[in-house]
Amino acid sequence: MIAVSAITPVLTGCVVILYIILIRRFFSVRSKLPLLGLRDGIGHLTGKRRWMAALGAVFFLASFGAEVSTKLWSPGMLMVFNYEEAARGQNPNITRFNESNILSDRILEKVVQRGGLKVSPERLAKLLTISTRLDAEKLDVTQESDMKISTEYWVHCQGTVSLYGTNPKTVLNLLADVYWEDFIQNYAENDSVLDLTFDELEGMEYLDVKDYLQMQAYKLKNYLPVYSSASGSFRAASNGETFASLSQKIDNYIDIELERYEAFVLEKSLSRDKTTYQSRMQYANRLLDISRKEDMAAYDVRIETINMYNAFMTRFVLIPTYDTNKEFYMSKTKVGVDYFADEAKEYLESATKLVEEMDHNTYASAQMGKGQTSVDVYAQADRRIEELKSELLNLSAQCRELCSAYVKEKRDGYIQVSFAAPSVTGEAVKALMLTLLFVAALGGITILDPFYRACQAMPQGGRGKGIRPGKGAKGQEDRKEVAP
């Protein structure tokens, strides 16, 4: 196939050589070309039309067939990255996308191993090239709006790879498979957060178990919106779950099941070490009280600052503005006192939440100080913990199933790979243009051939007058003998 791919360059070279010969002969005889003789040369060309037409047809078929065969044997591979983040130059996991990874040493080593190729990764790298449609554009890097990020990449493999016992299309197929697997493994969404472990629950306080399970449940809940925002209508085929319905189940687990468990623990005064737990709650309340005092101090400072403002200064300011519909209106803008008021509100809300948490710790500590609890109640609490763990694991499995189904569907569209089919019309036009150049050069040489041969046959001293085809040096001597 390498020989076939060399046909077009050889034919192009032949055309170039013909034009070199044509130009050389033209400049050799141009001063000796009489107008009538040139017409005779064109008439001489008329008798060779069939011969030239046959050569032109053979030339066209050879050029067209060789070009189409080469494109079919060694097509270009188009890799289109069609996920949303690709337009921002990112991978699906929001890391930076780097096109050089497609032909990296790691990828090419896997290509050689998988295909059993008899070529080194270093040599294979020289046979592969990657390009984009933006390479030919002149980008003005000083203008941010002109910066473009390509999501389409052309990969080409030289035909000389067949010297190593394979063909370009096989190499490109291997490259596409290996890179896709590497891309999914390293740059696709990471769902390891759905892997839940409960090793730390061993020996944990009963009330702390509720906080730990709540933390694990929030891991699941916070993972779902990533997909829900992209495709809120997606539904699992097995159980019909959607991201919204599964998120609601997790909310119910946190707000209902865990709250019931906490109420049960407080009611039954369950604690593994009551004295230690009460001391811990007292220490926690001291720290919370310090934070509450800091928030209230910050709140008082903002209120005092607001009171220092003059009433005239605290009036709102109206600014003439145009809206999106180009309509005029007076826009109210904030002044310094408005920002202080917002900050004061935030500090007061934070202090209020700290007080609620302190009250909860005080109540829990008081509950733990009550009488002894029976062994049966502790066993009931342990069973309830196991039920909560099983329920959370079930929610985790449902999350993984739903996300895996969505990711699988999405991964199939991460990278679209296609091979460029040769354009029959385009290749025919190119072959026709090359054929026309070939026929034109051949016709020019045919027209000039009798003049060139006559010029070559003349003595050096006689090359100065016009020449007619069919008359050489002998004709000149005959005319001299009959002259009076």
Side-chain angles (χ1 to χ4, degrees), residues 188-274 276-277 280-281 284 357 360-361 363-364 367-368 370 372-411:
E189 290 90 341
N190 186 0
D191 59 357
S192 60
V193 70
L194 300 178
D195 298 329
L196 302 182
T197 59
F198 302 105
D199 297 338
E200 298 181 14
L201 289 178
E202 187 69 27
M204 186 179 290
E205 278 288 347
Y206 286 99
L207 283 178
D208 294 339
V209 169
K210 181 256 183 180
D211 295 333
Y212 183 83
L213 293 178
Q214 180 176 309
M215 178 188 67
Q216 298 285 14
Y218 272 117
K219 287 169 60 178
L220 305 181
K221 179 178 173 60
N222 294 335
Y223 186 78
L224 292 180
V226 177
Y227 300 109
S228 180
S229 60
S231 181
S233 61
F234 183 80
R235 187 179 299 272
S238 59
N239 52 21
E241 289 287 354
T242 64
F243 294 108
S245 64
L246 195 52
S247 180
Q248 185 60 46
K249 283 186 176 182
I250 299 174
D251 285 336
N252 294 339
Y253 177 84
I254 295 173
D255 299 334
I256 300 176
E257 301 299 333
L258 292 182
E259 292 299 327
R260 286 178 179 175
Y261 168 78
E262 183 182 28
F264 173 78
V265 172
L266 290 174
E267 179 186 358
K268 300 301 182 180
S269 303
L270 298 178
S271 176
R272 300 188 185 277
D273 190 334
K274 296 180 181 295
T276 302
Y277 186 80
R280 201 183 78 188
M281 290 299 98
E357 190 173 352
H360 178 272
N361 291 341
Y363 174 74
Q367 287 295 108
M368 294 304 110
K370 292 184 176 181
Q372 296 294 326
T373 305
S374 64
V375 177
D376 293 339
V377 175
Y378 278 103
Q380 184 179 355
D382 292 336
R383 287 194 299 271
R384 183 56 185 155
I385 292 175
E386 293 300 322
E387 292 173 358
L388 290 172
K389 288 166 57 178
S390 299
E391 187 174 353
L392 188 58
L393 287 173
N394 183 42
L395 289 173
S396 174
Q398 293 183 46
C399 288
R400 185 178 294 280
E401 180 182 359
L402 180 61
C403 293
S404 296
Y406 175 72
V407 167
K408 182 179 180 181
E409 180 178 299
K410 187 178 179 182
R411 282 177 175 178

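In what follows, residues are counted from 1 in the order of the sequence shown.
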*Over all heavy atoms of both residues, which pair between Leu270 and Met368 is shortest? Give the atoms and the distance, please.*
O-SD, 3.2 Å
*In chain order, what residues pass the side-chain hydrogen bond (donor to acceptor under 3.5 Å, both in side chains) check against Asp255, with sequence neighbours excluded?*
none
*Would Glu257 and Lys249 pass as an ion pair if we require N to O under 4.0 Å?*
no
_Closest non-hydrogen atom pair between Lys274 and Ser269, with its separation_ = NZ-O, 2.6 Å
_Point-to-point distance, once rounded to the nearest 0.5 Å, from CG of Leu194 to CD of Gln398_ = 12.0 Å
*Check whether any side-chain heavy atom of Tyr406 sits under 4.5 Å from a side-chain heavy atom of Leu402, and report yes or no.*
no
*Hey, are the side chains of Phe264 and Arg384 touching, using non-hydrogen atoms and a 4.5 Å cut-off?*
no
*Distance in Å, Ser245 OG paired with Ile250 CD1, rounded so as to fall on 0.5 Å steps*: 10.0 Å
*So do the side chains of Arg280 and Asp208 get within less than 4.5 Å of each other, counting heavy atoms only?*
yes
_Leu213 side chain near Tyr261 side chain, heavy-atom distance below 4.5 Å_ = no
*Hey, could you give me the OH/OH distance between Tyr253 and Tyr218, rounded to the nearest 0.5 Å?*
12.5 Å
*Close side-chain approach of Gln367 and Val265, heavy atoms under 4.5 Å*: no
*Ion pair check, Lys389 and Glu386, cut-off under 4.0 Å*: yes
*For side-chain contact (heavy atoms from CB on, under 4.5 Å), just list the numbers for Gln248 and Asp251, CA-CA rounded to whole Å, side-chain angles, deciding distance to a tenth of an Å, and then say yes or no.*
CA-CA 5 Å; Gln248 185 60 46; Asp251 285 336; 4.3 Å; yes
_Donor-acceptor pair, side chain of Tyr206 and main chain of Ile385, under 3.5 angstrom_ = no
_I need the Gln216 CD to Leu393 CG distance, nearest 0.5 Å._
9.5 Å
_Distance-minimising heavy-atom pair for Ile254 and Leu258_ = O-CB, 3.5 Å
*Could you please spell out the steps behind the side chain to side chain donor-acceptor pair (under 3.5 Å) verdict for Asn361 and Glu357?*
CA-CA 6 Å; Asn361 291 341; Glu357 190 173 352; 4.8 Å; no
*Given side-chain contact (heavy atoms from CB on, under 4.5 Å), test Leu220 with Leu246 step by step and report yes or no.*
CA-CA 10 Å; Leu220 305 181; Leu246 195 52; over 6 Å; no
*Roughly how far apart are Glu200 CD and Tyr212 OH, rounded to 0.5 Å?*
4.0 Å
*Working to the nearest 0.5 Å, report the span between CE of Met281 and OH of Tyr363.*
14.5 Å
*Do Ser396 and Lys219 pass the side-chain contact (heavy atoms from CB on, under 4.5 Å) test, and can you show the C-alpha distance, the side-chain angles, and the key distance before you say yes or no?*
CA-CA 10 Å; Ser396 174; Lys219 287 169 60 178; over 6 Å; no
*Test item: Cys403 and Leu224 side chains (from C-beta on) under 4.5 Å apart, heavy atoms*: yes
*Kindly say whether Arg400 contributes a backbone atom to a donor-acceptor pair with the side chain of Ser404 at under 3.5 angstrom?*
yes
*Does His360 reach the side chain of Glu262, with side-chain heavy atoms less than 4.5 Å apart?*
yes
_Side-chain touch Glu259/Lys210, heavy atoms, less than 4.5 angstrom_ = yes
*Looking at Ser271 and Tyr378, what are the two nearest heavy atoms and their distance?*
O-OH, 3.0 Å
*Would you confirm whether Glu205, through its side chain, and Asp273, through its main-chain N or O, come within 3.5 Å as a donor-acceptor pair?*
yes
